[in-house]
Structures are given as C-alpha cells and as structure tokens.
Number of protein chains: 2
Amino acid sequence: MSEGPNIVRIAALIGDNARAEALSALMSGRALTATELADAASVTRQTMSSHLQKLLEAGLLKVSQQGRHRYFRLAGADVAYLIESMMGVAFHTTTQHPRTGPRDPALRKARICYDHLAGEMGVYVYQQMLEYGLLLQKDGALSITDQGREWFRQLGIDADEVAQSRRSFCRACLDWSERKDHLAGALGAALLSRILELGWARRVEDSRAIEFSAQGEASLRGLMRLRCTE
Amino acid sequence: MSEGPNIVRIAALIGDNARAEALSALMSGRALTATELADAASVTRQTMSSHLQKLLEAGLLKVSQQGRHRYFRLAGADVAYLIESMMGVAFHTTTQHPRTGPRDPALRKARICYDHLAGEMGVYVYQQMLEYGLLLQKDGALSITDQGREWFRQLGIDADEVAQSRRSFCRACLDWSERKDHLAGALGAALLSRILELGWARRVEDSRAIEFSAQGEASLRGLMRLRCTE
DNA sequence: CTCATGGTTCGGTCCTGATCGAATCAATCG
DNA sequence: CGATTGATTCGATCAGGACCGAACCATGAG
C-alpha cells in the first residue's frame with residue numbers, strides 16, 4: 001500500500017558511489033564538466049556520462065553547453081537541501097567518521113552549501129541576524145527588516161535588488177554539521193558572494209570549504225557586533 | 001576526492017523498494033511490526049526482516065519489543081525530515097504523477113508528517129501563527145510568544161509542559177506538497193495530537209492522510225481567526 | 001586542414017544484493 | 001501441553017546495474 005511520492009527513484013539515484021560523488025561535488029555550487037565530475041568520482045568519462053544522463057533525466061541536474069563543454073549543476077535549491085539533509089543523517093548515524101581528514105574541521109567551520117555559507121560561521125551569522133531583528137519570519141517565509149536592509153547596505157549588498165531574483169529570496173537551511181539553520185536563498189547567496197568579494201574568506205581549491213582569514217572573520221564578527229549593540 | 005559525510009550509504013538503503021515502503025509507512029508516526037511492514041511493502045516476512053535489520057544497524061530505525069511483537073519506528077525527526085525532503089524532490093521532479101489515486105488530494109490537504117500536521121492545513125496553521133506573532137524566530141530556533149502560549153492554552157495545550165520534552169520544542173519542516181514550512185517539533189506534535197483528541201480530524205486507516213471534518217476545519221480556522229483579529 | 005580533447009554510445013562482463021523456500025526459534029493462547 | 005503466529009536465519013537463485021574498452025561524434029586550437 002503505497003502513497004505519496006515515490007522516494008525510491010530518487011534515493012536509488014543518489015545511492016550509487018559515482019553519482020553520490022558527483023552530487024556532493026556539485027554542492028560547491030560550481031558548475032562542473034562531465035570530465036571534472038568523472039575525475040571527482042574516480043570513474044571513466046563514459047561511466048560518468050551515463051550517470052549524468054540519468055541524473056539529468058531525473059531532474060536532479062541541469063546542464064548548459066558552452067562549445068564542447070557541458071556544464072552540470074544541481075537543478076535547484078531543493079536538491080541541495082535534500083543532499084544537505086542526507087549529509088546530516090549520514091553524519092549523525094555514523095558511529096565513527098572514517099574520513100576525518102584535515103578537511104573535516106574546515107568543512108564544519110565554514111563551507112559552501114550550494115551557494116550560501118554553512119557550518120559554524122553560517123549558523124552564527126544567521127543566529128545573530130535573527131537575534132537582533134535583521135531577519136524576521138513572516139508569511140511562512142523569512143523576510144528582511146528595515147534594520148536588516150540597512151545592515152546589508154552597509155556590507156555593500158542591496159537587498160531590494162537581490163529580492164528581484166526569481167528564486168526564493170530568503171530561507172533557512174538545516175546545517176548538517178551544526179544541526180541548526182543557516183541562511184539560504186538569494187540573500188544567503190549574496191552574502192557569501194560579498195564575503196568572498198571583500199576577501200574576508202576564500203574558496204579552498206577542489207573543496208567545499210570556505211577559509212576565513214583571521215582578519216576577515218574579525219571583520220564579519222565586528223560588523224555583526226556593531227549592528228547588534230546599537 | 002571525497003569530503004563530508006558519505007551520503008551513498010544512506011541513499012542506497014532508502015533506494016530499495018521494500019525499504020522505501022517501510023520508511024514511508026513509518027512516516028505516519030506509528031510504530032509498526034515487521035509483519036505489518038512486510039505487508040505494506042508486499043514482501044515476505046523474511047525479506048522484511050533482513051531489510052529492517054539493515055535499517056536498524058544504519059541508525060535509521062529504532063525498535064522496541066513487546067512480547068513477540070517488535071515495533072519499529074523512525075529513529076528520529078531528522079530521518080523524517082530527510083524522507084519529507086526527498087518526497088518533495090520526488091514530487092517536483094516527476095513529470096506526471098502515475099499514482100494520483102483518490103488519496104493524493106487527501107495527502108496534500110492534510111497528512112501526518114511523522115508526528116505533526118503537514119499539507120495545506122499544516123502550512124496554513126504555521127503561517128497564521130507566524131503572521132500574528134504566536135511563534136517567533138529566536139536564537140536560530142522557533143520559539144513561542146506569550147500570545148502563542150495563551151492561544152495554545154485556549155486550545156487545551158500547556159506549551160510549557162510540552163517544552164519539558166527532551167526533543168526539539170519547535171521547528172519548521174519543509175512540506176513536500178506545499179513547498180513551504182509547517183510546524184514540527186514537540187509543539188507541532190502536541191497540536192496534531194490535540195486536534196485528533198478534539199475530534200476535529202481523524203486518522204485515515206492505513207494512510208498518512210488526516211481527514212478534517214467540515215466542523216473540525218471550521219473550528220480550527222475559527223480559532224485561528226479569533227486570535228488573529230484581536 | 002589535422003590533431004587533441006570533451007563527451008556520448010554500444011556491448012560485454014561481473015559483482016551485488018534482493019528475494020523467497022525451508023527451517024527454526026520465541027511468545028502467546030486455549 | 002500443542003497449536004498458532006511473530007520473527008529470524010540460512011542458502012540458493014537471478015536480475016539489475018555499474019563498469020570500462022572500443023569506437024565514434026563534436027568542438028576548438030594551431
């Protein structure tokens with residue numbers, strides 16, 4: 001007796017090593033080519049080609065062509081959201097973490113979740129914003145307050161312009177490592193983009209980790225604290 | 001180049017028909033026996049037995065024994081959250097819905113998501129609560145206001161007593177059919193429990209659907225409106 | 001134009017894991 | 001106690017699907 005959406009299709013697709021690797025790699029928010037994804041998953045190009053075809057057909061990925069290069073990316077935030085959620089379950093049901101390489105603490109500290117900041121830093125920022133009224137829940141969705149609008153402007157982000165985006169402006173996303181929410185949506189994406197632009201943090205090569213410089217982190221925390229004490 | 005939690009393990013477990021059926025059936029929040037789950041998945045008891053063993057070992061299920069009966073349930077809200085998220089992706093990536101039986105509209109109208117109300121009704125309630133200040137985002141989590149406390153008391157729920165529960169008191173959960181949040185956590189569970197207690201709605205046999213009576217729905221909407229116009 | 005590289009298609013191999021019949025163990029009831 | 005039923009274990013079967021070599025097509029650079 002079966003009712004509701006058929007989850008086995010989606011799960012079976014993710015439940016293959018090569019495909020899982022590809023999806024995880026794409027959580028960096030970057031668009032990657034078939035060859036890059038094959039390398040990431042340590043399979044041949046032909047193997048990855050057929051896997052990508054399946055993910056495309058299933059609607060988990062989308063592709064754009066530039067000459068002979070085909071750039072694959074996650075189909076949308078809900079797919080990212082699902083992967084993040086599954087990472088959380090995977091993380092919290094593992095009795096030990098065999099793959100605690102040097103990058104694991106880095107991932108937990110700050111990383112890209114699709115297009116926005118996650119990890120301790122991501123959760124910290126979101127918490128502060130909610131705590132001090134920069135963001136507010138309204139109409140089943142997060143919204144930005146006037147105070148928040150001002151804060152973002154000070155950071156160099158025009159929140160109203162960001163709101164023109166056709167995607168979800170502002171929403172919470174459950175963090176796999178912190179088990180708390182961080183800021184997602186267009187606003188979350190704009191925030192990360194700006195942080196990188198300001199040089200407060202940088203992307204780690206071939207990783208989802210985001211590395212804050214000491215100065216960059218201090219700047220962000222300072223800006224946070226300034227707003228929050230007024 | 002692999003980093004972060006290994007999602008393939010979890011996905012592969014869900015990506016089997018029998019196991020997916022079992023997990024979906026357990027989204028009703030009920031604890032079911034191995035035999036019941038075997039029936040739900042249309043496999044033999046021995047097959048289901050080995051599947052359940054795997055889900056137990058993986059930490060996706062937990063089991064309690066009563067005599068010869070072993071009752072299985074989802075290990076926790078984060079597993080439910082993952083399944084709900086996957087249902088959302090499955091639902092929104094399916095070009096057509098082959099299984100649109102008579103129960104589908106019912107599921108979308110109101111259903112159980114683990115232990116709380118989901119679907120249109122679930123989203124509606126949550127939206128109203130946020131809109132009119134019964135609930136408030138604080139410290140990276142939802143919290144209840146004094147006004148909300150009063151509203152729940154009027155409904156017959158002592159929110160402070162509910163808060164004693166060791167589980168997450170109050171959080172949002174993304175609804176697969178509505179793509180908006182509904183209320184989850186201990187408070188969401190208490191709300192559904194109370195609605196059922198009041199007879200405003202009832203559980204549909206062998207289904208996750210929740211069926212509101214016309215009177216019950218009017219009562220809930222009325223209580224909602226009353227609070228919201230004050 | 002040729003060569004290199006990105007990417008796809010085809011077909012054969014083989015490994016994995018779901019499945020169920022049979023058997024067994026455990027709990028419950030009359 | 002015997003019969004029934006819930007549940008598990010064992011072992012054999014076989015279907016499905018991941019994988020890659022080979023071949024081919026498409027694009028871009030020199």
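Heavy atoms only: backbone and side chains are in, while hydrogens, waters and symmetry mates are out. Being a predicted model, the structure only gives us computed values, none of them experimental. Chain naming here is simple, since letters A, B, ... match the order of the sequence lines and numbering starts at 1 in each.
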* To do: Evaluate the criterion side chain to side chain donor-acceptor pair (under 3.5 Å) for residue pair R208(A) and S24(A); output intermediate values, then yes/no.
  => CA-CA 9 Å; R208(A) 265 175 287 138; S24(A) 293; 4.8 Å; no

* Give the B/S/- string for nucleotides 9-23 of chain D, one per nucleotide from 5' to 3', where a protein heavy atom under 4.0 Å of the base yields B, of only the sugar-phosphate yields S, and otherwise -. => B--------SSBBB-

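At a threshold of 4.0 Å, the pair R111(B)-D175(B) counts as salt-bridged, since one of the basic side-chain nitrogens sits closer than that to a carboxylate oxygen. Between E197(B) and R194(B), at least one side-chain N (NZ, or NE/NH1/NH2) sits under 4.0 Å from a carboxylate O, which counts as a salt bridge. A salt bridge links K109(A) with E217(A): at least one charged nitrogen is closer than 4.0 Å to a carboxylate oxygen. A salt bridge links D78(A) and R179(B); the closest N-O separation between the charged side-chain nitrogens and carboxylate oxygens is under 4.0 Å.
Interface residues of residues 29-37 of chain B facing DNA chain C, ordered by number: none; criterion, heavy-atom separation under 4.0 Å.
A donor-acceptor pair shorter than 3.5 Å can be found between the side chains of T33(A) and E36(A).
Atom CG in L52(B) sits about 18 Å away from atom P in dG17(C), given to the nearest Å.
Within 6.0 Å of CD in Q215(B) there are 12 or fewer heavy atoms belonging to other residues, nucleotides or ligands.
Between S64(B) and R70(B), the closest side-chain pair of non-hydrogen atoms is not below 4.5 Å. Using a 4.5 Å cut-off on side-chain heavy atoms (C-beta onward), L135(B) and L183(B) make contact. Contact of the T94(B) side chain with the N6(A) side chain is not registered, since no non-hydrogen atoms from C-beta on lie closer than 4.5 Å.
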Find every protein N or O atom lying less than 3.5 Å from an N or O atom of nucleotides 26-30 of chain D, and list the pairs.
residue: dT27(D); atom: O3'; partner: R68(A); partner atom: N; Å: 3.2
residue: dT27(D); atom: O2; partner: R68(A); partner atom: NH1; Å: 2.9

